[in-house]
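Before any comments, here is the structure.
Whatever order the structure lists ligands and atoms in, that order sets their numbers, starting from 1.
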Amino acid sequence: MAATVRRAASSVLSRFLLTKPSPSPASAAGNKSALLGAGAAALHRFSTAPASAAAAAEEPIQPAVEVKHTQLLINGNFVDAASGKTFPTLDPRTGEVIARVAEGDSEDIDRAVAAARRAFDEGPWPRMTAYERCRVLLRFADLIERHAEEVAALETWDNGKTLAQAAGAEVPMVARCVRYYAGWADKIHGLVAPADGAHHVQVLHEPVGVAGQIIPWNFPLLMFAWKVGPALACGNTVVLKTAEQTPLSALYVANLLHEAGLPEGVLNVVSGFGPTAGAALCSHMGVDKLAFTGSTGTGQIVLELAARSNLKPVTLELGGKSPFIVMDDADVDQAVELAHQAVFFNQGQCCCAGSRTFVHERVYDEFVEKSKARALKRVVGDPFRDGVEQGPQIDGEQFNKILRYVQSGVDSGATLVAGGDRVGDRGFYIQPTVFADAKDEMKIAREEIFGPVQTILKFRYTRRMIFF
Ligand code: NAI
Ligand code: MG
């Protein structure tokens, strides 16, 4: 059998992952010690600075896009929040404010749900032919492609993911995903079931109504496409609550969707926080269906709020701690690269990240050595710069959480073989970090770190166990 390597990333993404980055100049590491909280001393004993560390300390590149939309999108119009409140959305490269965005709360959710209800009960969207709905979505995909550079720049600016990834993979995938669902619009058939006797049994698929959708910040545009695309193709209307860390790209593309011919009220976008706007959407009696992607803990809250209000059905996409298994007959170099990409892709902020790397004892030492070398070579820096593989983490909360997990790895006795510290002295950059000798019971092997931290565990097996 050839290399037995299992990985946890989508096949479409994986083609992108395997593209080798171009090398970027090495420079000295920034001042780290002053910026780490408790446990800094312990970390520094183990820390090994990547060659590329200080790329992040360079002056940030000015994004080639203007922030045009910061208000809520309700009933086809950009409007202020009812409270007049705004909140800042930050550039993760520096922690500085990109723009202030209208902060939606329950009153705005009420307005958005009312608009979506009207659009569903009285508007043209569910009534037009499926072919016409398809055409609107296809025009939307064309517009995304026409504005691809701006859309990608906005995504990188607000999120910190590399421009190469946003422009090279994600924006094209958004257009493709929208076209995929557009194609479904006129192919959703019912069914005539054979019945006993003189009866006619027919299954008719109808739109559900008003769909409430809550998305996270790790793939803001793809999440938009995955949620809004199918809901609209089926003739539903939508109230979308974006993540407070990344409100900008959804507002931008929602505007394009209206330019493509979407009737007013069919898609409403409310920026704001989870416990306020998000919870109001989950509890709303006028919402017929919820879709949520995010943390497991918040998923439990979403399900409970749905149950305690109108028992609306809920779709959840939550966290993970996916295994990546390297057997003793694997091509080690290939396995190292795949395992590296499986966990470090998108700054490690993936629900399907290969975040537990299990390696057979016979290839373990070689695998650890090569994984360390690969992590130290990973190019961290301004995500707008060519050749950069890893940008900053999304925000200070995630940044601190990841460093706490690193400390917990050290405290629990895992061997820190690379990274373990921040990069530079501003923004939310973290060194690609590798732990070896991890054990099943350690927190770093059990909990979702959602950052650039590889946890390598050794295993042994006897062939008899596999082939009996
Ligand atoms: P989160 O699950 O709290 O946030 C995701 C979305 O849910 C955001 O739009 C947020 O505003 C909303 N939300 C938060 N509290 C809510 C509530 N009470 N009612 C309704 N909506 C609510 O995730 P967070 O705090 O940003 O990240 C924490 C951890 O979650 C991460 O470290 C990671 O482990 C995991 N996560 C997983 C994601 C995935 O794709 N599966 C995406 C983002 C985070
Ligand atoms: Mg949260």
Side-chain angles (χ1 to χ4, degrees), residues 8-10 13 87 89-90 92 101 103-106 108-109 112-113 158-161 170 212-228 239-251 269-284 287 290-309 312 314-322 343 345-356 393-406 408 428 430 443-444 446-453 455:
S10 83
L13 285 176
F87 67 99
T89 185
L90 306 181
V101 175
E103 183 183 333
D105 203 337
S106 57
D108 305 292
I109 293 291
V113 172
D158 216 10
N159 170 280
K161 63 177 69 225
E170 293 182 16
Q213 308 187 323
I214 298 177
I215 54 175
W217 41 263
N218 50 345
F219 295 94
L221 274 172
L222 279 172
M223 296 285 174
F224 177 100
W226 293 340
K227 295 250 188 296
V228 171
V239 177
L240 178 77
K241 209 293 282 171
T242 49
E244 57 271 29
Q245 296 87 346
T246 52
L248 297 178
S249 56
L251 293 171
V269 181
V270 178
S271 317
F273 293 87
T276 50
L281 187 59
C282 298
S283 298
H284 207 289
V287 172
L290 276 178
F292 169 83
T293 299
S295 63
T296 305
T298 302
Q300 288 171 321
I301 295 172
V302 167
L303 200 55
E304 183 179 345
L305 294 176
R308 289 194 186 283
S309 50
K312 54 182 83 60
V314 181
T315 310
L316 300 173
E317 189 206 352
L318 308 176
K321 191 73 181 171
S322 303
V343 65
F345 174 66
N346 205 45
Q347 291 67 245
Q349 302 165 150
C350 281
C351 57
C352 60
S355 52
R356 286 183 294 152
Q393 307 308 126
I394 187 70
D395 63 9
E397 197 177 320
Q398 291 294 314
F399 173 89
N400 288 322
K401 176 177 158 186
I402 294 161
L403 291 179
R404 281 197 302 274
Y405 273 117
V406 171
S408 125
F428 310 123
I430 292 186
K443 251 162 93 164
I444 56 166
R446 304 188 78 86
E447 296 179 15
E448 186 173 50
I449 300 174
F450 230 59
V453 180
T455 300

Q) Heavy atoms only: which of G278, G212, G451 is nearest to atom 21 (N) of ligand 1? A) G278
Q. Counting N and O atoms only, with roles assigned by atom type, does the side chain of K321 sit under 3.5 Å from a partner on the main chain of E447, one being a donor and the other an acceptor?
A. yes
Q.
Run the ring pair (Phe, Tyr, Trp, His ring centres under 6.0 Å) test against F87 and tell me which residues pass, sequence neighbours left out.
A. F273
Q. Does any non-hydrogen side-chain atom of L90 lie less than 4.5 Å from one of D395?
A. no
Q | Atoms in ligand 1 flagged as close to A243, the criterion being non-hydrogen separation under 4.0 Å | A | 9 (O)
Q: Taking K312 for its side chain and H284 for its backbone only, find out whether a donor-acceptor pair lies under 3.5 Å.
A: yes
**Q.** Distance filter under 4.0 Å to I214 heavy atoms, resulting ligand 1 atoms
**A.** 6 (C), 7 (O), 9 (O), 12 (C), 20 (C), 21 (N)
Q: Compute the shortest N/O to N/O distance between I449 and ligand 1 and return yes if it is under 3.5 Å, no if not.
A: no
Q: Run the numbers for me: atoms of ligand 1, each under 4.0 Å from some heavy atom of L318, listed by number.
A: 41 (N)
Q | Those atoms of ligand 1 less than 4.0 Å from some heavy atom in I301 | A | 18 (N)
Q. Taking only residues two or more places apart in sequence or in another chain, which ones pass side-chain hydrogen bond (donor to acceptor under 3.5 Å, both in side chains) with S249?
A. E155
**Q.** Aromatic plane relationship, F219 with W226 - under 30° parallel, 30 to 60° tilted, over 60° perpendicular
**A.** tilted
Q | Numbered atoms and elements of ligand 1 in range of E448, under 4.0 angstrom, heavy atoms | A | 33 (C), 34 (O), 35 (C)
(Q) For atom 30 (O) of ligand 1, tell me which residue out of G299, S295, G320, A279 has the closest non-hydrogen atom. (A) S295
Q) Which atoms of ligand 1 have any heavy atom of Q245 under 4.0 Å away? A) 26 (O)
Q) Is there a side-chain contact between P216 and M223, using heavy atoms and a 4.5 Å cut-off? A) yes
Q. Of all the atoms in ligand 1, which lie at a distance below 4.0 Å from a heavy atom belonging to E244?
A. 8 (C), 10 (C), 11 (O)
Q) If we only count heavy atoms from C-beta on, is the N218 to F450 side-chain gap below 4.5 Å? A) yes
Q: Number the atoms of ligand 1 from 1 as they appear, then name those within less than 4.0 Å of a heavy atom of F292, with their elements.
A: 2 (O), 6 (C), 7 (O)
Q: Indicate, as side chain, backbone, both or neither, the part of K401 found under 4.0 angstrom from ligand 1 when only non-hydrogen atoms are considered.
A: side chain
